[in-house]
Q: 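Let me begin by handing over the structure; questions about it come next.
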Amino acid sequence: MADAAEIQGSSASPARRRLRRAGALLAGAPLLAGLLQLTAAEPADAAPADSVSVALDSLTPSAPTEDDTLTVSGSVINNGRQSVTGAHVGLRVGPLLNTRSAIDGIAQHPDDLRGGAGDELGGKYTQKFSKLIPGVAEHFSISVPVDELNLGKDGVYSFGVSVSGKTSARPWDQMLGIERTFLPWQSSEADTKSRTTVMWPLISAVHMTARTGAGERQTPVFQDDELAKEIAPGGRLAQMMDLGRDLDVTWVIDPDLLAAVDAMANGYQVQQPDGTSKAGSRENQDVAKQWLAGLQKAVADKEVVALPFADPDLASLAHTGTSVTGSLSHLKDATDVAALTVKTVLHVTPTTDFAWPVDGAVDPSIIKVATSAGADRVIARSDSLQEAAGLPYTPSAARPIGGGTTAVVADAPMSTAFEGDLTKADTSTLAVQQFLAQSLEANVQKDEQRSFVVAPQRTPTASQAQAMATAVKALQDGNWSQPETLTGAANAKPDPDATTRIPSTSAYPSSLRKQELPRSAFEQIADTQDKLDNFQVILTDQSRVVTPFGRAINRGMSTSWRGQAAKADGFRTDVLSYLDNLGGQVKLIDKSETKLSGRSATIPVTVQNNLVQPVGHLYLRLSSTQPTRLKIAGKAYDEQPVEVSGGHSQSVKFTTSANANGRATVLAQLYTEDGQEYGDPVSFDVKVTEVTPTVMLVIGGGVLLLVLAGFRMYTQRKRAAARQAEEEGPDGAETDSGDESGNPDDAGDRLPKESGSPAGAAGPDQPGDPAPDTAPESIDPSGTGERVDR
């Protein structure tokens with residue numbers, strides 16, 4: 001009843017109220033204590049992953065053996081707002097990794113605190129720091145004998161470098177940061193060693209234009225001077241050459257690079273923004289000579305694979321180029337010239353049996369194009385030619401895919417290990433360890449010898465090349481792999497369980513397809529080839545044009561243009577424009593209206609050649625658009641062969657005949673021997689004016705009047721002389737002025753010069769008589785501009 005009364009709102013006594021409050025506090029105490037305990041006991045893994053970062057700058061040796069001492073060095077930096085006290089850096093050996101996918105997982109998140117870090121070695125194999133101040137890097141270096149790591153079975157172990165300490169917010173020892181990597185462990189020589197082929201690519205961007213300087217040497221013109229920087233000491237290609245010299249690798253070379261460096265060594269020019277060009281420096285010529293000399297030594301006794309000239313984009317050809325007539329012929333040309341270029345420059349005979357699509361991505365159309373020029377081995381990659389589910393190991397690289405073609409499948413994890421920014425020592429070290437881990441893990445998967453191929457990115461940066469060289473050196477010094485040539489890998493016995501199914505065209509990566517050359521690029525290339533074919537037939541030395549433009553066409557479809565669509569289009573446009581300019585140096589000179597004052601006449605037409613070399617194999621056709629009024633050599637048109645020396649003009653004369661007075665239009669056009677029009681036509685008007693009988697009567701009357709006037713003047717002078725003689729008388733002079741013949745008038749039978757009759761006044765021309773040939777017109781020379789040596 002008391003409780004009922006209280007519920008109904010009756011007042012409770014003060015003592016009762018105090019008792020209730022105390023009971024409520026006692027009941028809530030366990031809950032509050034639990035909350036405090038949860039807060040205090042929050043696990044260290046809940047700390048922000050970036051509170052303290054660890055950078056692993058070096059791990060040597062990369063693949064230790066039993067008697068080695070492992071040295072790990074790097075730095076730690078406190079990224080938080082509070083200082084870390086009682087900090088120390090320690091080494092952690094994690095579990096043995098049994099799959100290649102486990103390696104990939106750790107490589108993707110090396111600083112994840114929640115991953116399996118393994119136990120810390122502790123003791124003297126740590127480095128302590130009293131305080132880690134926010135934003136200040138602290139360096140560490142720890143060395144430990146390998147036998148202290150307690151490594152067991154051969155294989156790949158997870159390996160980490162961690163930093164632990166306390167903060168004011170968390171005043172207990174906790175792991176605040178970690179960098180995880182891999183420790184390949186092959187204690188002694190493996191019973192079965194895998195064979196590993198490492199492709200060492202020497203490929204660069206396009207540097208040479210189609211332009212050449214005047215003179216017999218045809219000095220090549222470069223787009224810029226960037227190639228000189230790449231081959232100079234410390235440059236990307238200089239380091240690739242130096243690093244590769246000491247490695248057992250297969251050199252994969254773009255012959256265009258060799259041609260460019262060789263041209264630079266013998267003197268070159270650099271194109272300027274205003275369209276002119278200037279001579280390259282003597283210093284750069286010396287650098288080119290030194291690089292070539294070093295490369296010749298580096299590739300001696302090594303396998304050299306020559307890609308088609310300028311490394312054409314096979315996927316672009318397959319997906320868009322084949323729809324444009326003639327595109328595949330350029331791939332054949334690029335393949336044919338590749339071996340000759342390498343042999344000429346490096347004095348070694350390369351193999352041209354291999355085709356290398358971008359990133360090893362293939363589909364049926366790419367395979368078809370890649371093998372169309374004679375290559376019967378296509379370098380693919382395992383992330384394109386993927387294995388069927390359930391195969392527990394990595395098969396050998398060689399895969400027969402039908403038609404006598406072998407797909408040489410590069411290992412994707414090893415091939416892509418050195419992509420990205422490797423300028424920092426930390427990222428470079430992780431890449432090296434990941435590569436070695438993948439190699440060892442692939443080897444231990446099966447007790448049968450297999451062949452693996454590493455096909456890295458086409459143009460590694462200097463830092464990527466350094467990391468690659470470090471990894472390859474460690475691999476070749478290791479206990480589980482031995483080097484092999486690319487040809488050896490292609491000839492190795494294929495695994496019967498490995499997939500040979502080429503992925504469909506729809507499976508081709510969209511990211512790669514977006515970077516392909518468009519159809520318009522191949523149409524522009526075809527246009528250039530058509531104009532080159534038309535131009536070269538008139539030249540006496542075709543090689544001076546065919547060679548530079550043929551190689552420029554190859555460069556226009558280079559793989560190096562991927563991701564640079566605007567620049568690629570500019571290059572192809574410049575090639576076509578320059579070819580048009582050269583072709584325009586052989587042309588017809590414009591003519592003004594020509595007047596014919598008779599029934600027939602000769603009309604000259606002038607052909608100008610501003611090229612240095614002579615031209616021929618041309619015909620000039622002169623056509624009358626009104627043959628009823630004006631005929632050319634008695635018909636509607638006439639044509640004559642044309643040969644013009646370099647830097648000269650030649651007039652070609654055509655006989656014409658007029659049937660009526662008036663104006664007729666004449667068209668002049670050059671043709672090649674095969675009947676193709678060459679250059680622009682020139683049209684001009686011919687005005688015919690016949691001499692009529694009325695005009696002749698007027699002219700005859702005028703001549704008669706002149707004769708009568710002259711006779712009158714002669715008579716008047718004779719009479720005046722007679723009067724003068726009579727006035728002088730017999731003592732003054734002889735009265736008889738005749739000569740010995742007795743003819744007194746003979747002495748004066750000459751008209752005075754003042755009254756002489758003009759030549760041709762003996763009789764007027766009759767209507768219809770042939771008029772004299774019209775004189776050749778005065779032809780002003782066209783502006784020479786910059787003469788191009790062709």
Q: Looking only at atom types and distance, does a side-chain atom of S451 sit under 3.5 Å from a main-chain N or O of A489, one as donor and one as acceptor?
A: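 No, the answer is negative, given that no donor and acceptor are paired below the 3.5 Å cut-off.
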
Q: Does any donor atom in the side chain of Q482 or D248 lie under 3.5 Å from an acceptor atom in the other side chain?
A: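 On atom types as modelled, these side chains do not qualify, holding no pair under 3.5 Å.
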
Q: Taking atom types as modelled, is there a side-chain donor on E230 or S204 under 3.5 Å from an acceptor on the other?
A: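 Yes, because at least one side-chain N or O of E230 sits under 3.5 Å from a partner of the opposite role on S204.
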
Q: Without swapping roles, check the side chain of W291 against the backbone of A228 for a donor-acceptor pair under 3.5 Å.
A: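 Side chain of W291 to backbone of A228, a donor-acceptor pair under 3.5 Å: no, none is there.
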
Q: Test T250 against T485 for side chain to side chain donor-acceptor pair (under 3.5 Å), laying out the working first.
A: CA-CA 6 Å; T250 291; T485 64; 5.4 Å; no

Q: Would you call D336 and K332 a salt bridge, using N to O less than 4.0 angstrom?
A: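 Here D336 pairs with K332 in a salt bridge, since their nearest N and O are under 4.0 Å apart.
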
Q: Please determine whether side chain to side chain donor-acceptor pair (under 3.5 Å) holds for the pair S481 and Q476, giving the CA-CA distance in whole Å, both sets of side-chain angles, and the decisive distance to 0.1 Å.
A: CA-CA 7 Å; S481 177; Q476 294 176 355; over 6 Å; no

Q: Compare every heavy atom of T499 with every heavy atom of E387, then report the nearest pair and how far apart it is.
A: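 Smallest heavy-atom distance, with atoms named: OE1-N, 3.0 Å.
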
Q: Thinking salt bridges, do E226 and R236 make one under a 4.0 Å N-O criterion?
A: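 Looking at E226 and R236, the cut-off is not met.
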
Q: Going through the distances and angles, do T65 and D68 end up as a side chain to side chain donor-acceptor pair (under 3.5 Å)?
A: CA-CA 6 Å; T65 55; D68 288 329; 2.9 Å; yes

Q: For I231 versus A288, what's the shortest heavy-atom pair and its separation?
A: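 Closest approach of I231 to A288: CD1-CA, 3.7 Å.
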
Q: For T126 and G90, which heavy atoms make the closest approach, and how far apart are they?
A: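 Answer, listing the atom of T126 first, then G90: CG2-CA, 4.1 Å.
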
Q: Check whether any side-chain N or O of Q433 sits under 3.5 Å from a backbone N or O of L183 as a donor-acceptor pair, and report yes or no.
A: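 No; judged by distance alone, with no hydrogens or angles, the pair does not exist.
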
Q: Show the nearest heavy-atom pair for residues S384 and V362, with the distance to one decimal.
A: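 Distance-wise, the nearest heavy atoms are OG-N, 3.1 Å.
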
Q: Stepwise, does the side chain to side chain contact (heavy atoms under 4.5 Å, CB included) test hold for L430 with E179?
A: CA-CA 9 Å; L430 295 182; E179 184 84 279; 3.9 Å; yes

Q: I'd like to know if R562 and D313 make a salt bridge, using a cut-off of under 4.0 Å between side-chain N and carboxylate O.
A: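 Yes.
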
Q: Under 3.5 Å, is there a donor on one side chain and an acceptor on the other for S58 and T60?
A: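 S58 vs T60: no donor-acceptor pair found between side chains.
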
Q: I would like to know whether H139 and D57 meet side chain to side chain donor-acceptor pair (under 3.5 Å); could you show each step before the answer?
A: CA-CA 10 Å; H139 296 276; D57 295 340; 5.0 Å; no

Q: Would you confirm whether R450, through its side chain, and T394, through its main-chain N or O, come within 3.5 Å as a donor-acceptor pair?
A: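 Checked: pair present.
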
Q: Is D411 salt-bridged to R100, cutoff N-O under 4.0 Å?
A: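 Salt bridge flag = yes for R100 with D411.
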
Q: If we ignore angles and hydrogens, is there a donor and acceptor under 3.5 Å between the side chains of T181 and Q434?
A: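 Per modelled atom types, T181 and Q434 side chains form no pair under 3.5 Å.
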
Q: So, D383 and R381, do they make that salt bridge, N to O below 4.0 Å?
A: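 Salt bridge flag = yes for R381 with D383.
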
Q: How close do V299 and V304 get, counting heavy atoms only, and between which atoms?
A: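 Minimum heavy-atom contact is CB-CG2, 3.9 Å.
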
Q: What ring pair (Phe, Tyr, Trp, His ring centres under 6.0 Å) pairs are there with at least one residue in residues 423-469, not counting sequence neighbours?
A: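 Counting only pairs at least two positions apart or across chains, the ring pair (Phe, Tyr, Trp, His ring centres under 6.0 Å) contacts touching residues 423-469 are F418-F435.
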
Q: Just one of L512, L314, I367 clears the side-chain contact (heavy atoms from CB on, under 4.5 Å) bar with P357, so which one?
A: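 Single side-chain contact (heavy atoms from CB on, under 4.5 Å) partner of P357 among L512, L314, I367: L314.
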
Q: Can you name the salt bridge (charged side-chain N to carboxylate O under 4.0 Å, His left out) partners of K193, sequence neighbours left out?
A: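 Residues passing salt bridge (charged side-chain N to carboxylate O under 4.0 Å, His left out) with K193: E189.
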
Q: Taking all non-hydrogen atoms of both residues, which atom of W480 and which atom of P184 are closest, and how far apart?
A: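 For W480 versus P184, the nearest heavy atoms are CH2-CB, 4.1 Å.
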
Q: With a 6.0 Å cut-off (strictly less than), is the heavy-atom count around CZ of R513, excluding the residue itself, greater than 12?
A: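 Yes, the 6.0 Å shell around CZ holds more than 12 heavy atoms from other groups.
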
